[in-house]
Amino acid sequence: MTYIDNVLARLKEKNPGETEFIQAATEILQSLKPVVEKHPEYEKAALLERFTEPERTIMFRVPWTDDNGRVHVNKGYRVEFNSAIGPYKGGLRFHPSVNLSVIKFLGLEQILKNSLTGLPIGGGKGGSDFDPKGKSDREVMAFCQSFMTELYRHIGADTDVPAGDIGVGGREIGYLYGQYKRIANEFTGVLTGRGLSYGGSLIRKEATGYGLVYIVEEAMKWRNDSFEGKTVIVSGSGNVAIYACEKAQQLGAKVVAMYDSNGYIYDKNGIDVDVVRQIKEVERGRIKEYADRVKGAEYSEGCNGIWSIPCDVALPCATQNEIDKESAELLVKNGVRYVAEGANMPSTLEAIDVFKRAKTVYLPAKAANAGGVATSALEMAQASGRMFWSAEKVDKKLKEIMVNIFRNIDAAANRYGCDDDYVVGANIAGFEKVADAMMSQGIV
Ligand code: NDP
Ligand code: 2IT
């Protein structure tokens with residue numbers, strides 16, 4: 001049994017039932033084989049065992065009262081996974097499906113993603129099984145205040161800097177920040193994705209979606225190709241999906257379909273992203289309403305059907321495992337050429353295999369959606385320098401970061417004889433820096 005097989009076997013044994021975490025760890029560890037073979041000292045230092053065990057796992061009770069005076073209790077999590085190259089950094093997810101396994105898979109991915117940005121940020125992730133959907137603003141505020149009343153003691157601008165993720169957008173970050181400031185009595189960059197009036201950065205809201213399109217644009221450029229005239233599918237209709245759709249269309253593509261957890265819309269004329277933004281960001285409504293407002297658009301119940309629509313580019317931007325083997329096969333059969341992940345781990349291991357065999361240009365999440373956290377790090381830099389950069393400046397830096405990530409993952413894949421395998425490239429390029437930092441810092 002090799003060192004990696006051993007670590008994986010023990011990880012499964014020690015973390016029973018954590019299917020998402022094991023899925024992410026399997027993908028990562030298996031692609032690190034050539035690096036580990038080159039560095040026998042890693043095994044002596046139990047580097048992979050340490051890399052896959054969070055530095056700290058915080059779990060807490062979050063009690064809050066609804067508008068009818070009923071008391072509810074949710075679970076709260078913050079997994080401070082790895083601080084070898086910087087303070088823990090990563091989002092908070094509020095969704096009923098959140099559990100320890102989900103937060104740990106996200107945290108593990110975040111370590112390598114944050115390393116790929118080239119900026120000094122470690123990996124962490126948190127959240128709750130609280131569902132903001134259908135709650136009043138006051139209920140969301142009550143929940144956020146209770147969540148932060150425990151979380152505040154664990155975080156800090158140089159310790160751990162949370163941000164948004166599914167179910168945590170500008171409104172939630174505002175309530176969380178207000179409560180942090182009140183308890184800690186300090187105004188610092190302890191959360192990113194803040195509003196522009198209280199320390200946020202221009203372009204942070206757009207950054208994940210824009211960055212996703214920028215990295216695909218670069219992959220296309222290397223193949224003498226471009227977004228011009230391409231048919232694109234974007235799953236989800238939240239923060240990442242909306243700005244991926246906007247940027248792809250600015251570059252000449254036609255986005256024909258999007259979804260939320262109830263169903264998908266198909267608009268052969270190209271999605272009007274302003275209508276989606278109005279429904280989702282302003283009204284907090286359902287994507288179904290798009291078909292009532294835009295002539296020629298159709299709505300279908302259920303999510304999976306979206307992958308049967310022929311497209312050149314697929315941008316999954318909703319959630320984990322939204323593309324299974326069958327959906328991947330459909331995409332390939334219908335001629336998809338690029339798949340790039342706005343969401344974290346949206347493709348199952350079997351789906352990734354289908355894309356690899358078909359030689360689809362496949363850009364995994366930790367590279368493709370790193371623009372969000374990279375811009376969070378730019379927000380941290382602005383906050384600690386007590387200054388604001390223009391939208392043009394932030395957007396230019398974001399684009400440079402995405403182009404660099406593409407070059408680095410491509411080079412890492414080539415270095416190990418795995419040309420165009422960006423899964424291997426991203427895992428190795430991200431891991432090398434973290435491994436070096438961990439080795440330098442001793443057994444901690
Ligand atoms: P939002 O909450 O803004 O949007 C999430 C979208 O995905 C909604 O349309 C939601 O539909 C849909 N969705 C969520 N869960 C499911 C599900 N189980 N089945 C079907 N659809 C679902 O979140 P974000 O846009 O911020 O996040 C989307 C993805 O991008 C996540 O995987 C996140 O981890 C990742 N990501 C986010 C970053 C960021 O900066 N925000 C950065 C990097 C990655 P509905 O409204 O019906 O729930
Ligand atoms: O998955 C992610 O990278 C995010 N949700 C963004 C994290 C951040 O700290 O901006």
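Remember, it's a predicted structure, so these values are computed and weren't measured experimentally. Just follow the structure's listing: the first ligand is 1, and inside any ligand the first atom is 1.
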S.K.: Could you go step by step and tell me if Phe187 and Tyr177 meet the ring-ring contact (aromatic ring centres under 6.0 Å, His included) rule?
M.R.: CA-CA 9 Å; Phe187 192 108; Tyr177 192 71; 5.5 Å; yes

S.K.: Hey, is Gly164 one of the residues with a heavy atom under 4.0 angstrom from ligand 2?
M.R.: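 So Gly164 counts as touching ligand 2.
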
S.K.: Considering non-hydrogen atoms of the protein only, which is the closest contact for atom 2 (C) of ligand 2, and what is the distance?
M.R.: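 Scanning the protein heavy atoms, the shortest distance from atom 2 (C) of ligand 2 goes to Lys113 NZ, 3.3 Å.
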
S.K.: Give the contacting part of Cys317 toward ligand 1: side chain, backbone, both or neither, where contact means a heavy-atom distance below 4.0 Å.
M.R.: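 It is the backbone that gets close, since no side chain atom is under 4.0 Å.
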
S.K.: Can you report which non-hydrogen protein atom sits closest to atom 10 (O) of ligand 2, along with the distance?
M.R.: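 Nearest protein contact, heavy atoms only, for atom 10 (O) of ligand 2 is Ser376 OG, 2.5 Å.
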
S.K.: Show the atoms of ligand 1 that are less than 4.0 angstrom away from any heavy atom in His95.
M.R.: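 So the answer, numbered in order with elements, is 15 (N).
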
S.K.: Given that the side chain starts at C-beta and the backbone is N, CA, C, O, which of these parts of Thr208 lies under 4.0 Å from ligand 1, counting heavy atoms, or is it both or neither?
M.R.: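 It is the side chain that touches ligand 1; the backbone stays farther off.
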
S.K.: Regarding ligand 1, does Asn344 bring an N or O atom to under 3.5 Å of one of the ligand's N or O atoms?
M.R.: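 Yes, at least one N or O pair falls under 3.5 Å.
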
S.K.: Can you pull out the closest protein heavy atom to atom 7 (C) of ligand 2? Residue, atom name and distance to 0.1 Å, please.
M.R.: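 I find the closest protein heavy atom is Gly91 N, 3.5 Å.
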
S.K.: Any atoms of ligand 1 less than 4.0 Å from a non-hydrogen atom of Lys133? List them with their elements.
M.R.: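 Result: 45 (P), 46 (O), 47 (O), 48 (O).
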
S.K.: Would you kindly specify which portion of Thr375 sits under 4.0 Å from ligand 2, judged on non-hydrogen atoms: side chain, backbone, both or neither?
M.R.: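 For Thr375, there is no contact with ligand 2 at all, from either part.
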
S.K.: Using heavy-atom distances only, which candidate in Asn321, Asp165, Leu106, Asn239 approaches atom 34 (O) of ligand 1 most closely?
M.R.: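 Nearest option to atom 34 (O) of ligand 1, by heavy atoms: Asp165.
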
S.K.: Any idea which atoms of ligand 1 are less than 4.0 Å away from a heavy-atom of Gly236?
M.R.: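 Atoms satisfying the 4.0 Å criterion: 9 (O).
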
S.K.: What is the nearest protein non-hydrogen atom to atom 27 (O) of ligand 1, stated with its residue, atom name and distance?
M.R.: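 Answer for atom 27 (O) of ligand 1: Ile166 CG1, 3.7 Å.
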
S.K.: Mind checking whether Lys366 contacts ligand 1 via backbone (N, CA, C, O), side chain (CB onward), both or neither, at a 4.0 Å heavy-atom cut-off?
M.R.: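 Looking at Lys366 and ligand 1, no heavy atom falls under 4.0 Å.
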
S.K.: Is there at least one pair of N or O atoms, one from Asp165 and one from ligand 2, spaced under 3.5 Å apart?
M.R.: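 Yes, there is a polar N/O contact under 3.5 Å.
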
S.K.: Under 30°, 30 to 60°, or over 60°: which ring-plane class applies to Phe60 and Phe147, parallel, tilted or perpendicular?
M.R.: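 Geometry flag for Phe147 against Phe60: tilted rings.
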
S.K.: Please report which non-hydrogen protein atom sits nearest to atom 9 (O) of ligand 2, along with the residue it belongs to and the distance in Å to one decimal place.
M.R.: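 Ranking protein heavy atoms by distance from atom 9 (O) of ligand 2, first comes Lys89 NZ, 2.6 Å.
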
S.K.: Enumerate the atoms of ligand 2 whose separation from the nearest heavy atom of Ala163 is less than 4.0 angstrom.
M.R.: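 Checking each atom against Ala163, I get 8 (C), 9 (O), 10 (O).
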
S.K.: I'd like the name of whichever of Val102, Thr375, Val240 reaches closest to atom 25 (O) of ligand 1 through any heavy atom.
M.R.: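 Nearest heavy atom to atom 25 (O) of ligand 1 lies in Val240.
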
S.K.: Any heavy atom of Arg93 sitting closer than 4.0 Å to ligand 2?
M.R.: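 Judged by the 4.0 Å heavy-atom criterion, Arg93 does not count as contacting ligand 2.
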
S.K.: Is any N or O atom of Lys113, backbone or side chain, closer than 3.5 Å to an N or O atom of ligand 1?
M.R.: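 Not met; the criterion fails.
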
S.K.: Going by distance only, is there an N or O of Arg286 that falls short of 3.5 Å from an N or O of ligand 1?
M.R.: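 Yes - when backbone and side-chain N and O of Arg286 are compared with those of ligand 1, one distance drops under 3.5 Å.
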
S.K.: Give the numbers and elements of all ligand 2 atoms closer than 4.0 Å to a heavy atom of Lys125.
M.R.: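 Counting atoms of ligand 2 from 1, those under 4.0 Å from Lys125 are 1 (O), 2 (C), 4 (C), 5 (N).
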
S.K.: Which residue holds the protein heavy atom closest to atom 18 (N) of ligand 1, what is that atom called, and what is the gap in Å?
M.R.: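 Answer for atom 18 (N) of ligand 1: Thr319 CG2, 3.6 Å.
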
S.K.: Is Glu322 touching ligand 1 with its side chain, its backbone, both, or neither, if touching means heavy atoms under 4.0 Å apart?
M.R.: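 None of Glu322 does.
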
S.K.: Quick one: nearest non-hydrogen protein atom to atom 2 (O) of ligand 1, plus distance?
M.R.: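 It is Gly167 N, 2.9 Å.
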
S.K.: Quick one: does ligand 1 sit under 4.0 Å from the side chain of Gln320, the backbone, both or neither, non-hydrogen atoms only?
M.R.: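 Neither; no heavy atom under 4.0 Å.
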
S.K.: Do NZ/NE/NH1/NH2 and the carboxylate oxygens of Glu379 and Arg204 come within less than 4.0 Å?
M.R.: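 Result for this pair is no, no salt bridge flagged.
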
S.K.: Could you pull out, from Gly90, Gly371, Ser237, the option with a heavy atom nearest to atom 9 (O) of ligand 1?
M.R.: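 Result: the heavy atom closest to atom 9 (O) of ligand 1 is in Ser237.
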
S.K.: Can you name the atoms of ligand 1, numbered from 1 with element, that are less than 4.0 Å from a heavy atom of Arg93?
M.R.: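 Heavy-atom distances to Arg93 below 4.0 Å select 31 (C), 32 (O), 33 (C), 34 (O).
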
S.K.: Could you identify the single nearest non-hydrogen protein atom to atom 6 (C) of ligand 2 and state the distance to 0.1 Å?
M.R.: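 Protein heavy atom with the smallest distance to atom 6 (C) of ligand 2: Arg204 NH2, 3.6 Å.
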
S.K.: Can a salt bridge be assigned to the pair Asp312 and Lys230 using a cut-off of 4.0 Å between side-chain N and carboxylate O?
M.R.: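 No, this pair does not count.
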
S.K.: For a quick test of reading the model, state the closest non-hydrogen atom pair linking Lys325 to Val354 and the distance between them.
M.R.: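 Heavy atoms of Lys325 and Val354 come nearest at CG-CG2, 4.1 Å.
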
S.K.: Out of Gly342, Ala343, Gly263, Gly372, indicate the one that has the non-hydrogen atom closest to atom 44 (C) of ligand 1.
M.R.: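 Minimum heavy-atom distance to atom 44 (C) of ligand 1 goes to Gly342.
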
